[in-house]
**Q** 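Quick one: this structure, given as structure tokens, is what I'll be asking you about.
Residue numbers count from 1 along this sequence.
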Amino acid sequence: MAQEKARVLIVGTGGVGTMSAYALMQAGKADVTAVMRSNYDAAVKNGISIDSIQYGHEIKGFRPTTIVKSVPNVAKEGLKPFDFILVTTKNIPDVSPTVADIIEPAVTPGKTAIVLSQNGLNIEKPIIPRFPNNPVISSVSTVGATERAYADVFHDDPDAQKIGPFQNQSVPQQIAEDAAKSYINIYNPDGKLEVVYDADVQRARWRKLLYNGSFNPIATILRMDTRRMRMSQHVIDDLVLPIMFEVLAAARACGVTELTDDLPGKVIFNDDMQFEFKPSMCQDIEKGNLFELENIVGEPLREGETHGVAMPTLRTVYGILKGLQLQVKEGKGLWEPKFTRDNPYK
């Protein structure tokens with residue numbers, strides 16, 4: 001008798017979400033429901049085209065099991081509960097609706113495991129109290145995938161993930177661990193992908209923040225690709241490296257002691273210098289989109305300063321980025337430029 005497939009909902013089926021859907025479908029152990037908004041019509045009509053370094057360059061007409069325009073309401077629609085919800089959307093907690101708001105209709109209490117494949121620190125903190133009886137799982141991903149046009153994905157960095165459970169006092173640790181391992185089993189049953197279990201969630205997240213917390217914000221402020229940063233030398237010496245060492249000190253103050261002093265020097269060389277690559281935060285602001293400020297920059301800054309770590313470079317960068325984010329919000333009608341009653345500068 002064939003084993004029943006897991007039901008997986010993907011929220012945020014752009015480049016990264018599409019490649020996750022493709023991997024899950026290829027593995028054959030999951031039925032995938034993909035939430036697609038702006039790209040919905042193109043995907044329904046012609047399927048998704050994929051140019052992949054890992055799966056092939058001429059993939060045409062790919063479709064998840066089900067494509068929907070919005071997150072389904074499981075209770076109201078009488079749907080069978082989802083086993084997993086994979087969240088690959090941008091995480092912008094300073095704007096409503098939040099991730100918790102978005103996924104709530106699809107979460108079945110005590111049943112659905114929530115997989116957060118998003119950048120940054122403390123992304124689980126708004127989720128755990130909202131869904132206290134559900135396992136919340138971290139996926140630290142280094143996959144490179146972008147949507148070139150609606151339902152047209154360019155996948156240029158192999159799918160690699162470190163997956164493990166966040167600490168949740170309401171869910172027994174063994175249940176959370178089993179959920180994380182079960183997710184890996186349906187995603188990577190044959191071990192062909194570098195999608196592995198890693199119980200040390202915080203170490204993995206702080207490790208990735210050395211890059212994301214430095215190159216991302218500096219690229220956003222300067223509108224500069226990482227190749228030119230390294231060519232300039234001073235951008236690395238005066239901005240990127242100081243932030244990396246501040247993040248490293250913050251991580252250690254928070255108990256993550258496995259990150260070594262030579263790590264910033266290695267992370268500097270992360271990007272292939274054949275390409276003029278702009279990190280995602282920079283790409284977002286150049287498109288006029290809100291960007292992932294709080295969990296990539298704000299949270300590591302707050303954690304470090306709470307533990308007595310001086311982070312002057314990141315503090316300054318955070319202030320500049322908040323101003324840039326405010327400009328985007330104003331352009332979208334999300335902030336009105338007026339003095340509040342408690343503003344001392346009016």
**Q** Between Asn295 and Gln118, do the side chains contain an N or O donor and an N or O acceptor separated by less than 3.5 Å?
**A**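 No, Gln118 and Asn295 have no side-chain donor paired with an acceptor closer than 3.5 Å.
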**Q** Does any non-hydrogen side-chain atom of Val11 lie less than 4.5 Å from one of Leu86?
**A** no
**Q** Contact between Met224 and Ile218 at the side-chain level, heavy atoms closer than 4.5 Å - yes or no?
**A**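 No. Closest side-chain heavy atoms not under 4.5 Å.
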**Q** Does the side chain of Glu246 pick up a donor-acceptor pair with the side chain of Thr313 at under 3.5 Å?
**A**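 The answer is yes; a qualifying pair exists.
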**Q** Would Leu259 end up clustered with Phe215 when hydrophobic side chains under 4.5 Å apart are linked, directly or stepwise?
**A**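 Per the 4.5 Å side-chain linkage, Leu259 and Phe215 are co-clustered.
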**Q** Answer yes if the side chains of Asn122 and Glu299 hold a donor-acceptor pair under 3.5 Å, and no otherwise.
**A** yes
**Q** Out of Thr89, Ile127, Ile137, which one pairs with Leu116 under the side chain to side chain contact (heavy atoms under 4.5 Å, CB included) rule?
**A** Ile127
**Q** Does Lys338 NZ have over 12 foreign heavy atoms under 6.0 Å away?
**A**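 Open: at most 12 neighbouring heavy atoms sit under 6.0 Å from NZ of Lys338.
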**Q** Is the shortest distance from a Lys or Arg side-chain nitrogen in Asp51 or Arg148 to a carboxylate oxygen in the other one below 4.0 Å?
**A** yes
**Q** Would a 4.5 Å heavy-atom cut-off, applied to side chains only, mark Glu286 and Arg223 as touching?
**A** yes
**Q** State whether a side-chain donor-acceptor pair under 3.5 Å links Gln174 with Asp178.
**A** yes
**Q** Under 4.0 Å between a side-chain nitrogen and a carboxylate oxygen: does that hold for Asp271 and Arg227?
**A**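 Answer for the salt bridge query: no.
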**Q** Whether the Tyr211 and Asn216 side chains hold a donor-acceptor pair (N or O, under 3.5 Å, no angle test) is what I'd like checked.
**A**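 Tyr211 vs Asn216: no donor-acceptor pair found between side chains.
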**Q** Quick one, Cys254 and Gln202 - any side-chain contact, counting heavy atoms below 4.5 Å?
**A** no
**Q** In terms of the angle between their ring planes, are Tyr183 and Phe84 parallel, tilted or perpendicular, with boundaries placed at 30° and 60°?
**A** tilted
**Q** Should Arg228 and Asp225 be marked as a salt bridge (charged side-chain N to carboxylate O under 4.0 Å, His left out) after you check the CA-CA gap, both sets of side-chain angles, and the distance that decides it?
**A** CA-CA 6 Å; Arg228 284 180 170 80; Asp225 61 80; 2.6 Å; yes
**Q** Is the shortest heavy-atom distance from the side chain of Asn185 to the side chain of Lys29 under 4.5 Å?
**A**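 Touching, per the 4.5 Å side-chain cut-off.
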**Q** Would you say the side-chain atoms of Glu294 and Tyr318 include a donor-acceptor pair closer than 3.5 Å?
**A** yes
**Q** Show the numbers, then the answer: is there a side chain to side chain contact (heavy atoms under 4.5 Å, CB included) between Leu334 and Leu290?
**A** CA-CA 11 Å; Leu334 299 174; Leu290 296 161; 3.9 Å; yes
**Q** Under 6.0 Å from the CD atom of Glu258, do we count more than 12 heavy atoms belonging to anything else shown?
**A** yes
**Q** Measure from the side-chain N and O atoms of Glu194 to the backbone N and O of Gln161, and report whether any donor-acceptor pair falls under 3.5 Å.
**A** no
**Q** Under 4.5 Å between any side-chain heavy atoms of Leu321 and Val297, yes or no?
**A** yes
**Q** Could you list the donor-acceptor pairs under 3.5 angstrom formed by side chains in residues 94-114, with sequence neighbours left out?
**A**
residue : atom : partner : partner atom : Å
Asp94   : OD2  : Gln325  : NE2          : 3.3
Asp94   : OD2  : Lys329  : NZ           : 3.2
Thr98   : OG1  : Asp101  : N            : 3.3
Thr98   : OG1  : Asp101  : OD2          : 3.0
Asp101  : OD1  : Arg130  : NH1          : 3.2
Asp101  : OD1  : Arg130  : NH2          : 2.7
Asp101  : OD2  : Thr98   : N            : 3.1
Glu104  : OE1  : Arg130  : NH2          : 3.1
Lys111  : NZ   : Asp83   : OD1          : 2.9
Thr112  : OG1  : Phe82   : O            : 2.8
Thr112  : OG1  : Thr108  : N            : 3.1

**Q** Take a 6.0 Å sphere around NZ of Lys208 and say whether it holds more than 12 heavy atoms from other residues, nucleotides or ligands.
**A** yes
**Q** Would you give the length of the straight line joining atom CD1 of Ile48 to atom OG1 of Thr13, rounded to the nearest 0.5 angstrom?
**A**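 Separation between the atoms: 7.5 Å.
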**Q** With a cut-off of 6.0 Å (strictly less than), are more than 12 heavy atoms of other residues, nucleotides or ligands near CD of Glu77?
**A**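 Yes - once you tally the heavy atoms of other residues, nucleotides and ligands closer than 6.0 Å, there are more than 12.
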**Q** Tell me whether the count of non-hydrogen atoms from other residues, nucleotides or ligands lying under 6.0 Å of NZ in Lys181 goes above 12.
**A**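 Yes, because the 6.0 Å sphere around NZ of Lys181 holds more than 12 heavy atoms from other groups.
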**Q** Would you call Asp262 and Lys266 a salt bridge, using N to O less than 4.0 angstrom?
**A**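 Salt bridge flag = yes for Lys266 with Asp262.
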**Q** Please determine if Arg252 and Glu303 form a salt bridge, counting it only when a charged side-chain N lies under 4.0 Å from a carboxylate O.
**A** no
**Q** Can you establish whether the number of heavy atoms outside Tyr150 located under 6.0 Å from its atom OH is more than 12?
**A** no
**Q** Looking only at side chains, do Ser138 and Arg205 share a donor and an acceptor under 3.5 Å apart?
**A** yes
**Q** State, with a plain yes or no, whether a side-chain heavy atom of Val240 is found less than 4.5 Å away from one of Met229.
**A** yes
**Q** What I want to find out is whether Asp198 reaches Arg203 closely enough, with some N-O distance under 4.0 Å, to be called a salt bridge.
**A**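 Counted as a salt bridge, because a side-chain N and a carboxylate O are separated by less than 4.0 Å.
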